[in-house]
Amino acid sequence: MLADTMGRPLRDLRISVIDRCNFRCRYCMPREVFGTDYQYLPRSEILSFEEIDRLVSLLVPLGIEKIRLTGGEPLLRRDFPTLVTMLAKHGVELALTTNGALLAGMAEELVVAGLDRVTVSLDALDEETFQSMSDTETSVAEVLAGIDAAVAAGLSPVKVNAVICRGVNEHAVDDLFEHFRGTDVTVRFIEYMDVGASNKWRAEEVVSGAEILQILAESHEFEPVAESVVGQVAKLWRTKEGDEVGLITSVSEPFCGDCCRARLSSSGELYTCLFAETGFDLK
Ligand code: SAM
Ligand code: SF4
């Protein structure tokens with residue numbers, strides 16, 4: 001099995017299939033930076049499906065157990081279901097992270113192609129907060145329709161990821177938990193991270209997992225759920241009624257020691273850390 005110099009096995013591969021996105025989330029691709037004159041990768045630089053498939057066929061025997069397709073917004077990649085069909089043949093869990101805007105029309109086709117799991121990002125349920133945080137004209141209803149379509153297509157349990165930023169969407173903590181409890185959807189709250197120079201990250205804007213749990217504890221009693229997988233990123237908490245919530249505390253309690261992920265950029269660079277500035281050019 002492949003391990004890094006810290007002895008950490010490489011089990012989880014995230015593949016960015018595109019560098020473009022149809023949203024401009026303030027914390028990820030703010031419009032001031034990713035505006036009309038932003039230079040995305042030329043198409044010739046982006047890994048082809050055949051190149052991705054070849055890399056996966058070389059990495060799976062080295063211990064990869066799970067592949068997550070991400071971006072940018074992966075559903076913008078032309079013929080995306082074809083890539084899913086190709087990668088499903090490798091016999092490892094195949095998951096997708098999406099903003100959900102295009103999911104309603106594609107969920108079923110993706111399941112037929114061999115997708116096993118989906119995580120949908122959704123930071124608020126009220127239109128105003130959602131549209132201003134994601135800087136999009138897509139409506140909450142469209143994303144919710146995508147989540148419903150994923151559940152209907154058999155992708156349960158669907159996960160919903162929400163980034164919580166101070167002074168922006170703390171109210172979404174309760175809103176999202178109440179909306180999805182008792183359903184096939186588990187909500188996970190992510191601490192706002194510094195993803196490079198582009199998002200002008202400020203520590204004061206981070207709402208820690210402990211604070212998020214405190215907000216939830218005002219209306220429900222939670223107990224911790226024992227970790228089922230080493231390197232599990234979300235810490236799970238459960239109410240007496242059995243409703244679970246996940247907290248991804250990458251800032252307040254970094255889990256680097258247990259990290260078993262690598263990331264493949266859309267141009268073919270392999271990164272073993274989300275915060276790394278340079279990757280290894282596999283092309
Ligand atoms: N476009 C897809 C989406 O939004 O789900 C996939 C790519 S997106 C980069 C993957 C995840 O990273 C999303 O759940 C998003 O909320 C999260 N993310 C992006 N920037 C972040 C930041 N600064 N802090 C924490 N999470 C972030
Ligand atoms: Fe796009 Fe996802 Fe980044 Fe938002 S978080 S800008 S949806 S890539």
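Whatever order the structure lists them in is the order used to number ligands and atoms, beginning at 1. FYI, the numbering just counts along the sequence from 1.
- Taking every heavy atom of Thr98 and a limit of under 4.0 angstrom, the matching atoms of ligand 1 come to 2 (C), 3 (C), 5 (O).
- With Asn169 as the fixed residue, the side chain to side chain contact (heavy atoms under 4.5 Å, CB included) test singles out one of Val207, Asp175, Leu125, Asp123: Asp123.
- Scanning the protein heavy atoms around atom 24 (N) of ligand 1, the nearest turns out to be Met193 N, 2.8 Å.
- Near Glu73, meaning under 4.0 Å from any of its heavy atoms, are these atoms of ligand 1: 1 (N), 2 (C).
- Looking from atom 21 (C) of ligand 1 to the surrounding protein, the closest heavy atom is Tyr27 CD1, 3.5 Å.
- Nearest protein heavy-atom neighbour of atom 8 (S) of ligand 2: Gly72 O, 3.6 Å.
- No more than 12 heavy atoms of other residues, nucleotides or ligands shown are found within 6.0 angstrom of CZ on Phe280.
- The number of protein N/O/S atoms found under 2.8 Å from atom 4 (Fe) of ligand 2 is 1.
- Salt-bridge check for Arg24 with Glu32: failed, with every basic side-chain N at 4.0 Å or more from each acidic carboxylate O.
- Between the Ser134 side chain and the Gln131 main chain, no donor and acceptor come within less than 3.5 Å of each other.
- At least one donor-acceptor pair closer than 3.5 Å links the side chain of Glu191 to the backbone N or O of Ser252.
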What donor-acceptor contacts under 3.5 angstrom involve side-chain atoms of residues 144-167, with partners at least two apart or in another chain?
{"unit_1": "Asn161", "atom_1": "OD1", "unit_2": "Arg188", "atom_2": "NE", "d": "3.0"}
{"unit_1": "Asn161", "atom_1": "OD1", "unit_2": "Arg188", "atom_2": "NH2", "d": "3.3"}
{"unit_1": "Arg166", "atom_1": "NE", "unit_2": "Glu204", "atom_2": "O", "d": "2.9"}
{"unit_1": "Arg166", "atom_1": "NH1", "unit_2": "Glu211", "atom_2": "OE1", "d": "3.0"}
{"unit_1": "Arg166", "atom_1": "NH2", "unit_2": "Val206", "atom_2": "O", "d": "2.8"}
{"unit_1": "Arg166", "atom_1": "NH2", "unit_2": "Glu211", "atom_2": "OE1", "d": "3.1"}
{"unit_1": "Arg166", "atom_1": "NH2", "unit_2": "Glu211", "atom_2": "OE2", "d": "3.0"}

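- With ligand atoms numbered from 1 in the order given, ligand 1 contributes 2 (C), 3 (C), 5 (O) to contacts under 4.0 Å with heavy atoms of Asn99.
- When hydrogens are left out, the protein atom nearest atom 9 (C) of ligand 1 is Cys28 SG, 4.1 Å; that is the closest non-hydrogen contact.
- Donor-acceptor pairing under 3.5 Å is lacking for the side chains of His220 and Asp243.
- Residue pairs meeting the side-chain hydrogen bond (donor to acceptor under 3.5 Å, both in side chains) criterion with at least one member in residues 63-80, sequence neighbours excluded, are Arg68-Thr97, Arg68-Thr119, Glu73-Thr98, Glu73-Asn99.
- The closest donor-acceptor contact from the side chain of Glu142 to the backbone of Ser139 lies under 3.5 Å.
- Under 4.0 angstrom from ligand 1, the non-hydrogen atoms of Asn161 all belong to its side chain.
- Under the 3.5 Å distance criterion, with hydrogens and angles disregarded, no donor-acceptor pair is assigned to the side chains of Lys283 and Ser267.
- Under the side chain to side chain contact (heavy atoms under 4.5 Å, CB included) criterion, Pro61 pairs with no residue, sequence neighbours left out.
- The proximity of Thr119 to ligand 1, defined as any non-hydrogen pair under 4.0 Å, does not occur for either the backbone or the side chain.
- Given atom 10 (C) of ligand 1, the protein heavy atom at minimum distance is Thr97 CG2, 3.9 Å.
- Ligand-side atoms of ligand 1 in range of Thr70: 6 (C), 7 (C), range being under 4.0 angstrom from any heavy atom.
- Protein heavy atom at the shortest distance from atom 26 (N) of ligand 1 is Val163 CG2, 3.5 Å.
- Other residues, nucleotides and ligands contribute only 12 or fewer heavy atoms inside 6.0 Å of the CD atom of Glu108.
- Looking from atom 3 (C) of ligand 1 to the surrounding protein, the closest heavy atom is Ser121 OG, 3.3 Å.
- Closest to atom 1 (N) of ligand 1, if we only count protein heavy atoms, is Gly72 O, 2.9 Å.
- The residues Arg181 and Glu244 are annotated as not salt-bridged, no charged nitrogen and carboxylate oxygen being separated by less than 4.0 angstrom.
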